[in-house]
There are 2 protein chains.
Amino acid sequence: MSTSLSTAPGDLRSGLGRNLTYGMLDALGRAIVTGQYETQPFPTEAELAKQHGVSRSVTREAVKMLTAKGLLSARPRQGTVVQPASSWNLFDTDVLRWLLERQFSVELLRQFSQLRIAIEPEAAALAAQFGTAEDLRQISAGLARMEAAERGMDDTLDADIAFHVAVLRASGNPFYAQFRDMVATALRTSIRFTNRIKGRTASVADHAAVRDAIAAKDPAKARTAMRSLIGDVVELIDAADGSEAA
Amino acid sequence: MSTSLSTAPGDLRSGLGRNLTYGMLDALGRAIVTGQYETQPFPTEAELAKQHGVSRSVTREAVKMLTAKGLLSARPRQGTVVQPASSWNLFDTDVLRWLLERQFSVELLRQFSQLRIAIEPEAAALAAQFGTAEDLRQISAGLARMEAAERGMDDTLDADIAFHVAVLRASGNPFYAQFRDMVATALRTSIRFTNRIKGRTASVADHAAVRDAIAAKDPAKARTAMRSLIGDVVELIDAADGSEAA
DNA sequence: CAACCCCGATATATCCGATAAATGAACCAG
DNA sequence: CTGGTTCATTTATCGGATATATCGGGGTTG
């Protein structure tokens with residue numbers, strides 16, 4: 001945000017997104033979730049276009065995408081208004097990323113981890129019941145990457161993500177699989193906290209226990225193993241929160 | 001001008017949505033999830049506009065919204081293409097509604113209920129821990145409506161939805177609360193199956209057990225009570241599926 | 001004085017036509 | 001046959017005109 005005002009009315013091309021519309025989507029999305037329009041009214045379509053130096057077409061399309069994600073609502077005469085946060089689609093990876101990237105929001109990360117406590121153990125149980133041989137191979141591959149990362153042969157974070165994503169996919173349920181991108185996004189953000197607290201090699205042994213339970217087709221054991229895994233994450237976040245506040 | 005041409009190719013105004021763009025969003029969303037573009041390529045922006053009798057602006061904005069929901073992807077020269085179902089945002093109420101309203105949706109309903117088994121019991125446990133007096137009042141109100149519905153004084157489905165939504169909100173976690181619209185959508189669809197199977201007055205006693213556990217601040221009991229509740233739904237869906245296939 | 005209706009101001013919605021940029025394929029040169 | 005170039009197609013972007021919805025004011029009327 002340091003260069004937002006100085007580099008002309010808008011530098012949307014260099015921002016994330018392959019074109020002006022996506023650049024504006026990202027800029028507006030960030031601005032909305034960081035509460036920049038809580039004190040001032042959301043600009044009109046014409047004002048937005050002028051402020052960012054783009055055409056009304058680009059502006060309207062960006063606004064329409066934000067509307068589709070639940071952040072905005074537009075009506076004639078009334079103008080475009082920011083929707084209350086309760087109607088934002090938190091399961092949209094863009095929205096979640098904007099939320100997590102703002103002022104390191106530990107509270108949000110804790111709440112998301114609370115959700116993971118519900119999702120991932122059940123996904124592991126389903127994987128133990130219905131997972132195919134290929135699914136198990138993918139999970140084992142993720143675990144192998146974590147072991148390799150311990151020896152410095154792979155990236156710790158990527159390996160951790162690969163493991164959790166593999167379990168979610170192995171559930172065979174598209175709704176669980178949907179959490180793939182969200183868990184990846186959240187992990188990439190959370191690593192900034194958790195890594196700072198302790199060496200935290202993301203206990204490979206605990207992950208192996210999950211894999212073994214799934215391989216043994218033991219849903220109950222897979223569920224509890226995964227639950228303790230995520231439980232550790234929550235404790236870690238709480239610890240980070242404490243040190244942050246101090 | 002709306003009298004002669006618009007009624008034949010596409011009557012987007014009468015369809016859901018307050019304007020042409022939302023009408024086209026709904027029409028295209030339905031067409032995509034029902035697989036109408038699995039055999040034929042997705043039309044170009046110009047073709048879409050002509051087919052539906054609207055301007056390119058409307059077309060582009062509808063496409064952009066579908067892109068935001070993960071259903072489409074557009075690139076110059078290549079054209080606009082339907083994304084694989086794995087990248088669709090299933091937690092978007094529009095997408096979920098389109099999916100549930102299409103023909104073979106029993107399987108999807110079962111998978112969504114599998115997700116509810118993970119979500120709602122945990123939400124009930126959180127509600128028992130952190131729910132406020134007002135939250136409990138809302139839950140009790142939902143239960144009261146269910147009892148009233150048994151006596152024909154209220155709508156059974158609306159009352160059921162109100163109860164589950166109240167529990168989700170009482171969790172105090174925005175991610176759990178987010179399932180509000182999805183559960184409502186799914187319940188409205190599932191009623192078509194579950195109601196057909198048996199009288200099914202959605203056992204008020206079981207719902208009362210959940211409320212009582214939350215009122216008693218007993219997370220474990222709230223969790224198991226809610227779990228058995230959703231478990232019944234799954235069994236009902238399975239039964240409906242069996243009778244459908246027979 | 002109060003209720004109602006009409007009108008104007010304002011913002012989005014829609015249409016349109018032109019130009020720019022990206023990109024894959026056909027084409028041509030070496 | 002290889003490699004770069006041209007070309008055609010499609011989305012991206014621009015901007016101006018018109019239509020439509022909606023709120024608020026002001027005048028009229030009971």
Side-chain angles (χ1 to χ4, degrees), chain A residues 8-28 32 37 40-83, chain B residues 1-7 9-28 32 37 40-83:
Chain A
D11 187 7
L12 301 182
R13 268 213 156 86
S14 64
L16 282 188
R18 46 182 181 282
N19 55 34
L20 289 180
T21 302
Y22 281 85
M24 194 170 191
L25 168 70
D26 198 66
L28 286 181
I32 291 171
Y37 298 109
Q40 55 180 319
F42 197 83
T44 67
E45 162 189 316
E47 288 170 336
L48 270 181
K50 175 173 288 187
Q51 288 173 12
H52 293 80
V54 296
S55 69
R56 296 205 318 285
S57 311
V58 169
T59 304
R60 283 187 58 79
E61 287 168 18
V63 167
K64 272 294 188 308
M65 283 198 281
L66 288 166
T67 300
K69 294 172 185 295
L71 273 65
L72 292 177
S73 170
R75 299 173 65 83
R77 164 77 197 205
Q78 173 184 344
T80 307
V81 296
V82 175
Q83 293 289 102
Chain B
M1 60 178 186
S2 62
T3 52
S4 57
L5 286 178
S6 64
T7 43
D11 190 3
L12 301 181
R13 241 178 185 115
S14 65
L16 281 187
R18 46 181 184 279
N19 55 33
L20 289 180
T21 302
Y22 282 86
M24 194 171 192
L25 168 70
D26 198 64
L28 286 182
I32 291 171
Y37 298 109
Q40 55 180 319
F42 197 83
T44 66
E45 164 188 316
E47 288 170 338
L48 270 181
K50 176 174 289 186
Q51 287 173 13
H52 292 82
V54 297
S55 69
R56 297 209 323 284
S57 310
V58 169
T59 304
R60 284 185 58 80
E61 286 168 19
V63 166
K64 272 294 189 307
M65 283 197 280
L66 288 167
T67 301
K69 294 172 186 295
L71 273 63
L72 292 177
S73 170
R75 300 171 62 82
R77 165 78 198 202
Q78 175 184 340
T80 307
V81 295
V82 175
Q83 292 291 101

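Here is the naming used below: chain letters follow the sequence lines, and residue numbers restart at 1 for every chain.
Taking atom CZ of residue A/Arg60 and atom P of nucleotide C/dC16, one finds them 15 Å apart after rounding to whole Å. One can place CG of B/Leu20 at 10 Å from P of D/dA21, the figure rounded to the nearest angstrom. For B/Arg75 and D/dT9, the CZ to C1' distance is 15 Å, given to the nearest whole Å. In this structure, A/Arg56 atom CZ and C/dC15 atom C1' are separated by 11 Å, rounded to whole Å. Taking atom CG on B/Asn19 and atom C1' on D/dT20, their separation rounds to 11 Å, with Å as the unit. One atom, CD of B/Glu45, and another, P of C/dA21, lie 17 Å apart when rounded to the nearest Å. When the P atom of C/dA13 is taken as reference, atom CG of B/Leu25 falls 13 Å away, rounded to whole Å. Atom CD of B/Gln78 and atom C1' of D/dA8 are 16 Å apart (whole Å).
The side chain of A/Ala74 approaches C/dA13 more closely than any other nucleotide in the set C/dT14, C/dA13, C/dC16. The side chain of A/Pro76 lies closest to C/dA13, out of C/dA13, C/dC15, D/dT13.
The line from CZ of A/Arg18 to CZ of B/Arg75 is 6.5 Å long, rounded to the nearest 0.5 Å. Taking CG from B/Leu20 and CG from B/Leu25, the interatomic distance works out to 12.5 Å, rounded to the nearest 0.5 Å. Taking CD from B/Glu47 and OG1 from B/Thr59, the interatomic distance works out to 11.5 Å, rounded to the nearest 0.5 Å. Atoms CZ and OG1, from A/Arg56 and A/Thr44 in turn, are 10.5 Å apart once rounded to the nearest 0.5 Å. Note that the CG atom of A/Leu71 and the OH atom of A/Tyr37 stand 11.5 Å from one another [nearest 0.5 Å].
In this model, the phosphate group of C/dT12 is approached by a side-chain N or O of A/Thr80 to a distance below 4.0 Å at OP1 or OP2. Contact between the side-chain N/O atoms of B/Thr21 and the OP1/OP2 oxygens of C/dT14 is found at a separation under 4.0 Å. When the side-chain nitrogen and oxygen atoms of A/Ser55 are compared with OP1 and OP2 of D/dC14, one or more of them lie within a distance under 4.0 Å. Regarding contacts with the backbone of D/dA12, a side-chain N or O of B/Lys64 is found under 4.0 angstrom from either OP1 or OP2.
The residue among A/Thr44 and A/Arg77 whose nearest nucleotide of DNA chain C is located toward the 5' end is A/Arg77.
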